[in-house]
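Okay, so here's the structure we're looking at.
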Amino acid sequence: MEQNVDYKLYLDKYPQDEKFNRVHAVLVTHDGRVMLRYKNGEARITGGRIDEADVDLEAALRREILEELNCEIDKIEYLGYLEVEMEKYYEEIGLDCEIVRERENWARMVARVSKILPPKADPDREGNWIYGRTLAPPEIAKAELTKSAPMGNTDKLIDYALKIAREKGYFTEVPSQEYETLNVESRD
């Protein structure tokens with residue numbers, strides 16, 4: 001059980017120990033839209049825990065994007081990290097509850113979607129859980145993410161991700177303002 005979570009966003013920096021627990025990315029398309037993942041009806045950026053088998057942040061991110069959204073990416077840039085400090089409660093049978101303050105570093109990246117495949121269930125979730133996927137213009141994406149996942153200056157992260165994506169030539173098509181639902185969230 002987790003309580004009292006604090007988030008601090010650091011752009012253009014690495015944690016002192018250079019250790020990351022998770023990796024997430026703002027996903028953009030060739031036409032300048034942001035791909036959102038919906039879990040329990042709320043917009044999120046995509047990513048997750050880094051596995052021991054992942055050779056680096058890119059490998060972990062590619063795996064997570066394939067598992068959660070069934071998409072491929074062709075460009076990736078490191079943006080910074082989110083320092084997450086949380087209280088965790090541990091209770092053992094017959095012992096009092098112990099509260100431990102833990103800190104994790106979550107890498108923040110921007111990646112360009114190169115191929116959108118048919119929706120499929122996340123292999124890490126029970127019940128054939130297929131996340132919802134949308135393509136949203138940046139301002140709508142920012143509003144949805146800030147509302148449903150207000151952790152560590154989400155709006156600042158999105159703005160920075162779009163800036164870096166523009167500088168690195170991620171956008172190769174005419175910008176689109178179309179909001180497109182690729183699939184809705186479903187599970188058994």
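- Put simply, Ile116 and Leu69 are part of the same group of oily side chains (I, L, V, M, F, W, Y) that touch within less than 4.5 Å, one to the next.
- Between Lys13 atom NZ and Glu83 atom CD the span is 11.0 Å, to the nearest 0.5 Å.
- With a 4.5 Å cut-off on side-chain heavy atoms, Val110 and Tyr160 do not count as touching.
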Quiz item: Yes or no on side-chain contact (heavy atoms from CB on, under 4.5 Å) for Leu135 and Val113, after CA distance, side-chain angles and deciding distance?
Solution: CA-CA 11 Å; Leu135 299 176; Val113 176; over 6 Å; no
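- Within the 4.5 Å cutoff, side-chain heavy atoms of Ser148 are placed close to those of Arg44.
- Distance check: Trp129 CH2 to Ser186 OG gives 10.5 Å after rounding to the nearest 0.5 Å.
- Residues Val26 and Tyr170 are members of one and the same hydrophobic cluster, defined by side-chain heavy-atom contacts under 4.5 angstrom among Ile, Leu, Val, Met, Phe, Trp and Tyr.
- A 4.5 Å side-chain heavy-atom check between Glu104 and Arg49 finds at least one atom pair inside the cut-off.
- Side-chain N or O atoms of Thr181 include none that pairs as donor or acceptor with a backbone N or O of Thr134 at under 3.5 Å.
- Linking Ile, Leu, Val, Met, Phe, Trp and Tyr residues whenever their side-chain heavy atoms come within less than 4.5 Å leaves Trp106 and Tyr14 in two separate clusters.
- Sparse packing is recorded around NZ of Lys168, with 12 or fewer heavy atoms of other residues, nucleotides or ligands lying under 6.0 Å away.
- Cluster annotation: Tyr78 is connected to Val23 through the hydrophobic network of ILVMFWY side chains, with a link wherever side-chain heavy atoms come within less than 4.5 Å.
- Placement of Ile45 and Val28 within a single hydrophobic cluster is found when ILVMFWY residues are connected by side-chain heavy-atom separations under 4.5 Å, directly or transitively.
- Glu42 places none of its side-chain heavy atoms less than 4.5 Å from the side chain of Leu36.
- A salt bridge links Arg33 to Asp31: one of the charged nitrogens lies within less than 4.0 Å of a carboxylate oxygen.
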Self-check item: From CA spacing to verdict: side-chain contact (heavy atoms from CB on, under 4.5 Å), Thr29, Val34
Solution: CA-CA 6 Å; Thr29 59; Val34 177; over 6 Å; no
Practice problem: Report the C-alpha separation of Val84 and Met86 in whole Å, then their side-chain angles, then the decisive distance to 0.1 Å, and conclude whether the side-chain contact (heavy atoms from CB on, under 4.5 Å) test is met. | Solution: CA-CA 6 Å; Val84 182; Met86 65 199 99; 3.7 Å; yes
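- Ile130 and Lys120 get closest at one heavy-atom pair: CG1-C, 3.6 Å.
- Within 6.0 Å of atom CD in Glu167, more than 12 heavy atoms from other residues, nucleotides or ligands are found, so the atom counts as buried in its surroundings.
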Practice problem: Carefully, step by step, assess Asn183 and Arg133 under the rule side-chain hydrogen bond (donor to acceptor under 3.5 Å, both in side chains). | Solution: CA-CA 5 Å; Asn183 64 279; Arg133 305 181 298 177; 2.5 Å; yes
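- Here CD of Glu64 is found 7.5 Å from CG of Asp122. Values are rounded to the nearest 0.5 Å.
- In this structure, Asn153 and Leu11 have side chains that are not in contact, with every pair of non-hydrogen atoms separated by 4.5 Å or more.
- Nearest heavy atoms, Ile65 versus Cys71: CG2-O, 3.4 Å.
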Exercise. Tell me, with the steps shown, if Arg63 and Asp51 meet side-chain contact (heavy atoms from CB on, under 4.5 Å).
Key: CA-CA 10 Å; Arg63 178 185 51 75; Asp51 292 345; 3.2 Å; yes
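- Considering only heavy atoms from C-beta on, Asp17 comes within 4.5 Å of Asn105 through its side chain.
- Ile140 contributes atom CD1, which lies 12.0 Å from atom CG of Leu145 (distance to the nearest 0.5 angstrom).
- Under the 4.0 Å criterion applied to side-chain N and carboxylate O atoms, Asp74 and Arg112 are assigned as salt-bridge partners.
- Asp54 places no side-chain N or O within 3.5 Å of a backbone atom of Asp56 that could act as its donor or acceptor partner.
- By the 4.5 Å heavy-atom criterion applied to side chains, Glu185 and Asn40 are counted as neighbours.
- By the 4.5 Å heavy-atom criterion applied to side chains, Asn21 and Ile50 are not counted as neighbours.
- The backbone N or O of Thr154 sits nowhere less than 3.5 Å from a side-chain atom of Thr146 that would complete a donor-acceptor pair.
- Between Glu139 and Lys142 there is a salt bridge, with a side-chain nitrogen of the basic residue lying less than 4.0 Å from a carboxylate oxygen of the acidic one.
- Note that CD of Glu180 and CE of Met35 are 9.0 Å apart. Values are rounded to the nearest 0.5 Å.
- From Tyr131, atom OH reaches atom CD of Glu67 across 9.0 Å, with rounding to the nearest 0.5 Å.
- Looking at residues two or more places apart in sequence or on another chain, you find a ring pair (Phe, Tyr, Trp, His ring centres under 6.0 Å) between Tyr10 and Tyr81.
- Within a 6.0 Å radius of CD in Glu126, no more than 12 heavy atoms belonging to other residues, nucleotides or ligands are found.
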